[in-house]
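This report refers to the structure that appears directly beneath it.
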Amino acid sequence: MTAIEVRGLTRRYSGGFEAVRGVSFDVERGEMFALLGTNGAGKTSTVEVVEGLSRPAEGSVRVLGHDPFAERKVVRPRMGVMLQEGGFPPDLTVSEAARMWAGTLTSPRPVDEALSLVDLAHRASVRVKQLSGGERRRLDLALALLGKPEVLFLDEPTTGLDPESRRNTWELIRALLREGVTVLLTTHYLEEAQALADRLAIMHRGRIVAQGTVSEVVDAYPSRISFVPPPGIALPVVADVESSGRVTVRTNELQSTLHELLVWAQHHNVELSGLDARSASLEEAFLAIAEEAA
Amino acid sequence: MRAVAVGQAELKLFWRNRTALFNSLLLPLLLAPVLYSVDADGVPLVVGLIGFALLMAVYYNLVTTFVARREELVLKRLRVGELTDPEILAGAALPSVVVALGQMVLYTVVVGVITGVALPARPWFLLLGVLGGVAVFVLLAAASSAFTRTVEMAQVTSLPVLMACMLGSGLIFPLSVLPGGIASVLKYLPLTPVLELLRAGWADGPVLQPLIVLAVWIVLGTYAVQRWFRWDPRR
């Protein structure tokens with residue numbers, strides 16, 4: 001079953017600038033879908049329309065089968081949102097801010113539970129203005145979870161978090177996914193998308209330029225083998241040579257190319273120092289796509 | 001009433017904000033002698049104090065509140081929740097309105113006891129004036145906030161409404177001292193019909209025209225808020 005359905009979404013700002021140009025994607029129930037892209041690619045502009053903050057200039061959006069803008073009353077109680085930049089009154093304490101939010105919800109979970117989920121229970125009586133940037137992100141996440149959402153929107157949820165908090169947040173998101181929550185994530189941490197997302201789309205200048213599972217997106221790009229060969233030796237494979245003497249071999253068949261190379265090296269008693277072989281990563285795909293599209 | 005949750009939070013913020021406390025609670029007390037010197041009769045003093053409560057505790061306070069919450073991205077955050085837009089605005093306005101109503105009751109009782117003002121003969125006009133006045137100045141505050149970039153700028157952007165209402169609505173001096181032509185134009189300011197209705201609570205006076213003017217201001221205010229109100233900061 002489809003939780004989010006976006007068809008031909010276009011968003012224009014009052015100046016006439018088209019931030020999103022004909023974007024389409026589906027997010028299935030219980031799945032995490034990640035929107036990736038460079039800054040200004042249109043991720044947040046897209047997500048804001050899906051959240052129902054604004055009406056699309058063209059195209060249509062359905063969240064749990066409803067129009068999130070026109071049928072806000074029906075959709076909102078079933079979704080939770082963490083904005084890229086959301087605010088809380090600086091002079092409220094953490095628990096006051098959370099209690100205020102809980103008071104606006106149809107069926108909130110206990111405030112203490114929500115704060116514990118994001119490891120903020122020990123900061124409950126601290127004023128919002130005294131929180132660190134990472135703690136403020138976690139408070140925002142706690143509010144997004146307060147309504148026990150079926151669909152969760154996370155706009156760069158781990159920006160500003162230290163590595164440990166980031167890992168904890170990932171664990172929390174994984175637990176939510178196991179419970180069947182649908183998540184639409186935007187991030188510019190590619191390893192975050194690689195670690196969590198079932199499927200993803202890469203946006204560039206308002207369009208989706210690649211879409212699929214992580215491996216579908218990544219498989220279109222070659223794997224790499226790199227090493228430093230002894231000087232003056234002829235290699236059995238085509239390779240790019242860097243000024244440092246390190247060479248890089250790009251291949252779509254990592255295993256057989258690597259095998260060929262190793263057999264050759266043993267046969268000729270050649271040492272491949274600093275040998276490094278890796279499948280294409282999301283980062284590589286992402287950079288290549290941004291480069292191609294530029 | 002889910003908006004009450006926002007109102008409760010706003011009330012806490014109100015008590016933690018010294019400027020707002022001063023403007024709403026102390027300023028009217030400082031003005032009382034000025035108003036009292038204008039006319040030793042109790043009714044104009046009560047009417048004047050209620051007018052000031054509407055201007056300072058409701059209008060001025062709410063311009064700064066709406067701007068502050070917008071710039072803190074609080075309005076944007078609330079807008080992705082379950083509340084409707086009117087509920088968000090009502091929630092943010094709630095404590096200022098409650099405090100203003102409390103002041104009005106207090107002033108009326110205190111001044112009434114001191115000067116021996118009779119109970120209003122037609123209290124429903126008093127009530128209409130107060131409720132209509134609250135509605136108009138909440139709406140005008142929301143509309144003014146759209147043209148106010150920072151909390152500090154509210155001191156400037158609120159001046160047109162504040163000055164026009166203080167000088168032009170018979171708050172500081174009675175309109176009868178002005179030439180007839182000017183006085184008849186000033187009848188259309190937002191505060192004038194409120195004060196006329198308040199006075200009509202005690203003594204015979206025009207009622208229909210102020211009610212119509214007030215209704216028109218509520219419609220205009222609603223339109224202005226729908227047209228111009230900003231939920232996130234200008235970039």
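By convention in this document, chain letters (A, B, ...) are assigned in the order of the sequence lines, proteins followed by strands, and residues within each chain are numbered from 1.
Using a 4.5 Å cut-off between heavy atoms, Q8(B) makes no contact with chain A at all. Of the atoms belonging to R127(A), it is side-chain heavy atoms, and not backbone ones, that fall under 4.5 Å from chain B. For a residue to count as touching a neighbouring chain, one of its non-hydrogen atoms must lie under 4.5 Å from one of that chain's; by this rule L78(B) touches chain A with backbone and side chain alike. Within the 4.5 angstrom heavy-atom criterion, atoms from both the backbone and the side chain of L143(A) approach chain B. Neither the backbone nor the side chain of A97(A) has a heavy atom closer than 4.5 Å to any heavy atom of chain B.
No donor-acceptor pair closer than 3.5 Å links the side chain of R76(A) to the backbone N or O of T84(B). The backbone N or O of L83(B) lies less than 3.5 Å from a partner atom in the side chain of R72(A), making a donor-acceptor pair. The main-chain N or O of L73(B) is never found under 3.5 Å from a side-chain atom of E85(A) such that the two would form a donor-acceptor pair.
In plain terms, the two heavy atoms of P89(A) and V74(B) that are nearest each other are N-CG2, 3.4 Å. Nearest heavy-atom pair across K12(B) and L92(A) is CB-CD2, 4.3 Å. Nearest approach of W101(A) to R77(B), heavy atoms of both residues: CH2-O, 3.1 Å.
Between R16(B) and E96(A) there is a salt bridge, since a side-chain N of the basic residue sits under 4.0 Å from a carboxylate O of the acidic one. The pair E48(A)-K76(B) meets the salt-bridge criterion, since a charged nitrogen lies less than 4.0 angstrom from a carboxylate oxygen.
Ranked by heavy-atom pairs shorter than 4.5 Å toward chain A, the options G7(B), A3(B), A9(B), A68(B) are led by A9(B). Contact count versus chain B (heavy atoms, under 4.5 Å) is highest, among D91(A), T104(A), V75(A), T106(A), for T104(A). Between chain B and the options P68(A), G87(A), G103(A), P77(A), heavy-atom pairs under 4.5 Å are most frequent for G87(A). Ranked by heavy-atom pairs under 4.5 Å with chain B, the list G147(A), P90(A), A102(A) is led by P90(A).
E82(B) contributes atom CD, which lies 10.0 Å from atom CE of M79(A) (distance to the nearest 0.5 angstrom).
Counting non-hydrogen atoms of neighbouring residues, nucleotides and ligands closer than 6.0 angstrom, the CZ atom of R55(A) reaches no more than 12 such neighbours.
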